[in-house]
Amino acid sequence: MIQQPVLLVIAHGSRDPRHAATVHALVRRVRSLRPGLRVETGFLDFNVPSVQGMLQSLAVQGVRDVVALPLLLTRAFHAKADIPAVLADAPAQLRIRQAEVLGPSPLLLSALERRLYEAGLDPADKSSTGVVLASAGSTDPEAIAVIAGIAREWRRTGWCAVRPAFASASLPRTQDAVRELRALGCARVAVAPYVLAPGFLPDRIARGAAEADVLGGVLGAAPEVARVLLERYDAARVPVPAAVGA
């Protein structure tokens with residue numbers, strides 16, 4: 001029987017204990033959706049086990065195939081530099097494929113809406129509600145462009161308007177986007193944090209949402225997020241066929 005690769009979820013890590021707790025809850029959700037799949041967690045910083053430590057442990061246990069999945073919503077510095085550097089130093093006997101980041105995905109939009117409705121927004125009010133898509137922010141132009149694209153796509157699903165906002169590195173800030181939607185004439189304004197776990201920047205988003213009518217929770221262990229993880233795992237573990245004539 002061919003062993004399926006171990007799924008190694010790579011999280012950023014945080015001094016805020018809510019971060020690791022949320023990551024572990026999401027991993028438990030993934031395990032519940034795919035019984036029999038071995039799912040492990042490694043952190044880049046602040047929390048244990050570290051990615052390096054987990055890779056060493058897997059190698060000692062005789063594991064050979066690993067899918068390393070960045071627990072990130074956009075392809076910014078961590079996905080492009082930090083994680084590949086860590087994986088390059090893994091034990092030589094490990095065959096590692098790095099999966100794509102989670103976003104963008106229609107499932108994540110569904111999870112964002114889930115969190116807004118859980119926070120009290122009435123689905124019947126969708127067409128008269130403006131939404132701030134509030135992300136952590138990045139200095140990477142590609143990541144910023146992706147957030148703007150997600151906002152445009154989400155607007156087409158029936159919201160009054162959707163505006164991107166950023167907690168750091170980029171503008172506008174959450175509070176400015178809230179005021180813009182008010183000025184635009186939206187009857188209600190909701191803030192949807194496009195972040196995976198609580199922490200410093202999500203707390204900044206929450207403060208910026210003080211003038212909004214609804215503040216959604218972080219994506220966390222939403223079932224849609226767990227399904228995206230499994231989609232990325234499945235795509236990474238299947239070798240891409242070689243082009244004809246290559």
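None of the values given here were measured: they were computed from a predicted structure.
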Spacing of [X] atom [atom1] and [Y] atom [atom2] [to the nearest 0.5 Å]:
X: S110; Y: L219; atom1: OG; atom2: CG; value: 11.0 Å
X: E224; Y: L229; atom1: CD; atom2: CG; value: 12.5 Å
X: L107; Y: L102; atom1: CG; atom2: CG; value: 10.5 Å
X: I144; Y: I147; atom1: CD1; atom2: CD1; value: 7.0 Å
X: L181; Y: D176; atom1: CG; atom2: CG; value: 11.0 Å
X: E153; Y: R156; atom1: CD; atom2: CZ; value: 6.5 Å

If you take all heavy atoms of [X] and [Y], which pair is closest and at what distance?
X: S50; Y: G53; result: OG-N, 2.9 Å
X: Y233; Y: V67; result: CD1-CB, 3.7 Å
X: S14; Y: N47; result: N-OD1, 2.8 Å
X: L184; Y: A161; result: CD2-CB, 3.6 Å
X: S105; Y: R232; result: CB-NH2, 3.9 Å
X: R204; Y: S168; result: NH1-CB, 4.0 Å

Between E211 and R182, is there a side-chain N and carboxylate O pair less than 4.0 Å apart?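 Looking at E211 and R182, the cut-off is not met.
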
Could D234 and R34 be called an ion pair, given the rule that one side-chain N must be under 4.0 Å from one carboxylate O?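 A salt bridge links D234 with R34.
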
Any donor-acceptor pair under 3.5 Å from [X] side chain to [Y] backbone:
X: R115; Y: V218; result: yes
X: Y194; Y: A165; result: no
X: R188; Y: G130; result: no
X: R31; Y: L37; result: no
X: R179; Y: A183; result: no
X: R95; Y: A92; result: no
X: R97; Y: R237; result: yes
X: R29; Y: A226; result: no

Evaluate whether atom CZ of R15 has more than 12 neighbouring non-hydrogen atoms of other residues, nucleotides or ligands under 6.0 angstrom away.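 Not buried by this count: 12 neighbours or fewer within 6.0 Å.
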
Does any non-hydrogen side-chain atom of [Y] lie less than 4.5 Å from one of [X]?
X: L215; Y: P193; result: yes
X: R207; Y: D203; result: yes
X: E113; Y: T157; result: yes
X: L58; Y: R38; result: yes
X: V23; Y: F43; result: yes
X: R114; Y: L112; result: no
X: D16; Y: F200; result: no
X: S138; Y: F166; result: no

Hydrophobic cluster identity match, [X] and [Y], side-chain contacts under 4.5 Å:
X: V189; Y: L133; value: no
X: I150; Y: V162; value: yes
X: V39; Y: L72; value: no
X: L71; Y: L87; value: no
X: L69; Y: V66; value: no

Do the ring planes of F46 and H12 sit parallel (below 30°), tilted (30 to 60°) or perpendicular (above 60°)?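 Judged by the thresholds at 30° and 60°, the geometry between F46 and H12 is tilted.
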
Apply side-chain contact (heavy atoms from CB on, under 4.5 Å) to the pair E40 and S57, showing each step before the final yes or no. CA-CA 11 Å; E40 301 291 352; S57 176; over 6 Å; no

As a quick check of understanding, evaluate side-chain contact (heavy atoms from CB on, under 4.5 Å) for D140 and T74, giving each step before the final call. CA-CA 10 Å; D140 189 309; T74 58; over 6 Å; no

With side chain to side chain contact (heavy atoms under 4.5 Å, CB included) as the test, pick out the partner of I10 among T41, L44, D82.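 The residue from T41, L44, D82 that satisfies side chain to side chain contact (heavy atoms under 4.5 Å, CB included) with I10 turns out to be L44.
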
Any chance you could lay out the side-chain contact (heavy atoms from CB on, under 4.5 Å) test for L121 and D213, step after step, and finish with the verdict? CA-CA 9 Å; L121 186 67; D213 300 292; over 6 Å; no

Side chain to side chain donor-acceptor pair (under 3.5 Å) partners of R227, counting only residues at least two apart: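 Applying side chain to side chain donor-acceptor pair (under 3.5 Å) to R227 gives none.
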
